[in-house]
Chemist: 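Okay, here's the structure, questions in a sec.
Model, not experiment: these values are computed from the prediction. Below, each value reflects all heavy atoms present in this structure, side chains not excepted, and no hydrogens, waters or symmetry copies. Protein chains get the first letters and strands the later ones, always in sequence-line order, with residue 1 at the start of each.
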Protein chains: 2
Amino acid sequence: MSNVTLLPDDIAPIENVPLRVQVANRLRSAILSGRLRPGSGLVETALAEQMNVSRAPIREAIQILENDGLVETIAYKGKRVKPLTAREVAETYSLREVFEVMAVRRILDSGVPVDALHEYCEAMNAAAAADNYDALTAADEAFHHALIRLADHDLLLASWKNLYLRIHQIMALRNRDERNLQQIASNHPPIVKALEDRDADRAIALISEHTRALAAFDPATIVQDL
Amino acid sequence: MSNVTLLPDDIAPIENVPLRVQVANRLRSAILSGRLRPGSGLVETALAEQMNVSRAPIREAIQILENDGLVETIAYKGKRVKPLTAREVAETYSLREVFEVMAVRRILDSGVPVDALHEYCEAMNAAAAADNYDALTAADEAFHHALIRLADHDLLLASWKNLYLRIHQIMALRNRDERNLQQIASNHPPIVKALEDRDADRAIALISEHTRALAAFDPATIVQDL
DNA sequence: AGGTTGTGGAGTGTCGACAATCCATAAGTG
DNA sequence: CACTTATGGATTGTCGACACTCCACAACCT
């Protein structure tokens, strides 16, 4: 029987995820959510015991997070969640701006349709109306992710994703109350409009303005490290 | 005696480099020099025996190279030097162009002096005159490295360095004979001139043109992989 | 005190052995 | 013959133990 395609698909797709990946995912989500703050020490033996695995997968997981730029190792001394300086935050956002502008340029050059972006704008409006911070954040990320994907540039996408990890972390460490959800949501439709109008200068100006506004938002909050 | 600063400085500064780093360095240079071609398999046990270390540092070294984007792992099957597609080559150069344009913008915005760049131009001219391919390549990299550093943006610098690894590899795989050393060397002084003139548009145009010329150069050579 | 030299603990670095997985190929089965 | 099921080799994944490095602090000289 080669085509037994009709199982109850509930528990069908078993995945065999190496421990290091599971560990890395859990640590990453802890860092991105802010539960593990910048500067926190990561002790292999402690983590190994806590997660009930040996040190090897812990080490490899930590190295994966190092690639993500979320953790740093000081040889023979220890590993810790990379501290976030105000400068790094600023640099992260300025690089993001360059990435998104590059994406806009490529989208307009290629003439690919941008209809897909409307969907995310609506999701953001709904989230803002419901005053749902998490939903708005998710929709915002989905919007920008879709924008980058439209640029059809794998390396740009990978670089953007890596950069966005840090943005995720930064946002989790911010004070939520100070954000104006309505305003963030309302930033995006004009960008889509400019893209549909094939107005490169306006689209780029809007994207730049948008990312700069986010960057300017209270970077001082997170620099109580070290 | 705290200040015994007068030893024969021959064998003074002992460094204690972890094995994984030594292994990673050797493998990296093998890849960047083209001795390990894209697609080559990397077998942990073989490397371990060959280098006379255990598999642990080999594994960690390979993971470091994975972060560099030079190696890829297929779980339970093997690791290999990441194959280079024509698309990847093109994407690498286009991202490099964006990085360098960003650097130019920042340099002109900040008003930092660019005198340091002349030195590298001269080195390139000398190398071109001597028909020394390696020296020209090194001087070219030094020029662009210096340019990025002038932008005073750590994250940009790190991203550029990572990207340049692949460029290093690509150049090593190209056919050297087809390059016109004189012309490459002559590309750079006008860029410095435009920077000194604070002519943003001209500087950006020149940098873009320069990196695009490099990108267009024979990318087909290296796609005999897989 | 000022300076040097042990010493112990915390943590990472390295090792060798064993388990799990995948793939190709062979062996069985109607 | 078409199809399934063993089997074995190659390679990665995981483990537990031991070695090394670093740092802080005490002990010791002068």
Side-chain angles (χ1 to χ4, degrees), chain A residues 1-7 12-28 36 39-67 70-83 226, chain B residues 1-7 11-28 36 38-67 70-83 226:
Chain A
M1 300 199 226
S2 60
N3 48 354
V4 194
T5 54
L6 308 172
L7 330 181
I14 293 183
E15 295 180 24
N16 197 343
V17 183
L19 282 184
R20 58 159 178 256
V21 176
Q22 297 182 42
V23 172
N25 288 343
R26 282 173 60 172
L27 287 178
R28 178 165 34 232
L36 269 176
S40 308
L42 298 175
V43 179
E44 295 174 1
T45 52
L47 293 172
E49 192 173 358
Q50 209 168 326
M51 300 200 188
N52 204 37
V53 297
S54 90
R55 273 180 56 219
I58 300 280
R59 281 176 70 83
E60 302 190 345
I62 288 180
Q63 235 193 336
I64 291 175
L65 297 178
E66 231 176 318
N67 310 4
L70 298 175
V71 169
E72 70 182 0
T73 294
I74 304 163
Y76 293 106
K77 286 198 58 180
K79 335 225 175 187
R80 61 174 179 178
V81 181
K82 207 166 168 183
L226 248 180
Chain B
M1 300 200 227
S2 60
N3 48 356
V4 194
T5 53
L6 308 172
L7 329 180
I11 321 148
I14 293 180
E15 294 181 25
N16 195 344
V17 182
L19 283 184
R20 59 160 179 256
V21 176
Q22 299 182 41
V23 172
N25 288 342
R26 282 173 59 174
L27 287 179
R28 180 167 28 234
L36 269 176
S40 308
L42 299 174
V43 179
E44 295 174 0
T45 52
L47 293 172
E49 193 173 356
Q50 208 168 325
M51 300 198 188
N52 203 37
V53 298
S54 89
R55 274 179 55 218
I58 300 279
R59 282 175 69 81
E60 301 190 347
I62 288 181
Q63 236 193 338
I64 291 175
L65 297 179
E66 231 176 316
N67 310 1
L70 299 175
V71 169
E72 69 183 359
T73 294
I74 305 163
Y76 292 107
K77 286 197 59 179
K79 334 225 177 188
R80 62 174 179 179
V81 181
K82 206 166 168 183
L226 246 182

Chemist: Go through residues 49-61 of chain A and report each residue with a non-hydrogen atom lying under 4.0 Å from DNA chain D, sorted by number.
Modeler: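 Within this stretch, A/V53, A/S54, A/R55, A/A56, A/P57 sit under 4.0 Å of the strand.
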Chemist: Please report the distance, rounded to the nearest Å, between CD in B/E44 and P in D/dT11.
Modeler: 10 Å
Chemist: Can you tell which of C/dT12, C/dT14, D/dT11 lies closest to the side chain of A/V43?
Modeler: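 Of C/dT12, C/dT14, D/dT11, C/dT12 is nearest to the side chain of A/V43.
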Chemist: How many whole angstroms separate atom OH of B/Y76 from atom P of C/dT21?
Modeler: 5 Å
Chemist: What integer distance in Å separates A/L19:CG from D/dT14:P?
Modeler: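 Between P of D/dT14 and CG of A/L19: 4 Å.
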Chemist: May I ask you to verify if any side-chain N or O of A/K79 is less than 4.0 angstrom from the OP1 or OP2 atom of C/dG13?
Modeler: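 Result: yes.
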Chemist: Categorize A/T73 for me: base, sugar-phosphate, or nothing, with a 4.0 angstrom heavy-atom threshold over every strand shown.
Modeler: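 Touches nothing.
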Chemist: C/dT12 P sits how many Å from A/Q63 CD, rounded?
Modeler: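 Distance, rounded to whole Å: 13 Å.
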Chemist: What pairs with B/Q22 under side chain to side chain donor-acceptor pair (under 3.5 Å), at least two apart in sequence or on another chain?
Modeler: none
Chemist: Take A/K82 and A/L70, measure what side-chain contact (heavy atoms from CB on, under 4.5 Å) needs, and give me the verdict at the end.
Modeler: CA-CA 6 Å; A/K82 207 166 168 183; A/L70 298 175; 5.9 Å; no
Chemist: What residues form a salt bridge (Lys or Arg N to Asp or Glu O under 4.0 Å) with A/E66, not counting sequence neighbours?
Modeler: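 Salt bridge (Lys or Arg N to Asp or Glu O under 4.0 Å) check on A/E66 returns nothing, list empty.
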Chemist: Whole angstrom is fine here: how far is it from CD1 in A/I64 over to P in D/dG13?
Modeler: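 Checked: the CD1 to P distance equals 10 Å.
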Chemist: Going from CD1 on A/I62 to CG on A/L47, what distance comes out if it is rounded to the nearest 0.5 angstrom?
Modeler: 5.5 Å
Chemist: List the residues meeting side chain to side chain donor-acceptor pair (under 3.5 Å) with A/E72, not counting sequence neighbours, and say none if there are none.
Modeler: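 Checked A/E72 against side chain to side chain donor-acceptor pair (under 3.5 Å); matches are A/R80.
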Chemist: Can you check the A/E72 CD to C/dG11 P distance for me, whole Å?
Modeler: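 These atoms are roughly 17 Å apart.
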Chemist: Tell me: CZ of B/R20 to P of C/dC15, nearest whole Å?
Modeler: 12 Å
Chemist: Residues two or more places apart in sequence or in another chain: which of them pass side chain to side chain donor-acceptor pair (under 3.5 Å) with A/R20?
Modeler: A/E60
Chemist: Is B/L42 touching bases, backbone alone, or none of the nucleic acid, heavy atoms closer than 4.0 Å?
Modeler: sugar-phosphate
Chemist: Anything under 3.5 Å between a donor and an acceptor, one on a side chain of residues 50-58 of chain B, the other on a protein residue two or more places apart or in another chain? List them.
Modeler:
| residue | atom | partner | partner atom | Å |
| --- | --- | --- | --- | --- |
| B/S54 | OG | B/A56 | N | 3.3 |
| B/R55 | NE | B/E44 | OE1 | 3.0 |
| B/R55 | NH2 | B/E44 | OE1 | 2.7 |

Chemist: From CG of B/N16 over to C1' of C/dT12, roughly how many Å is that when rounded to an integer?
Modeler: 12 Å
Chemist: With nearest nucleotides of DNA chain D determined for A/A75 and A/P18 from heavy-atom distances, which residue corresponds to the more 5′ nucleotide?
Modeler: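 Nearer the 5' end of the strand: A/P18.
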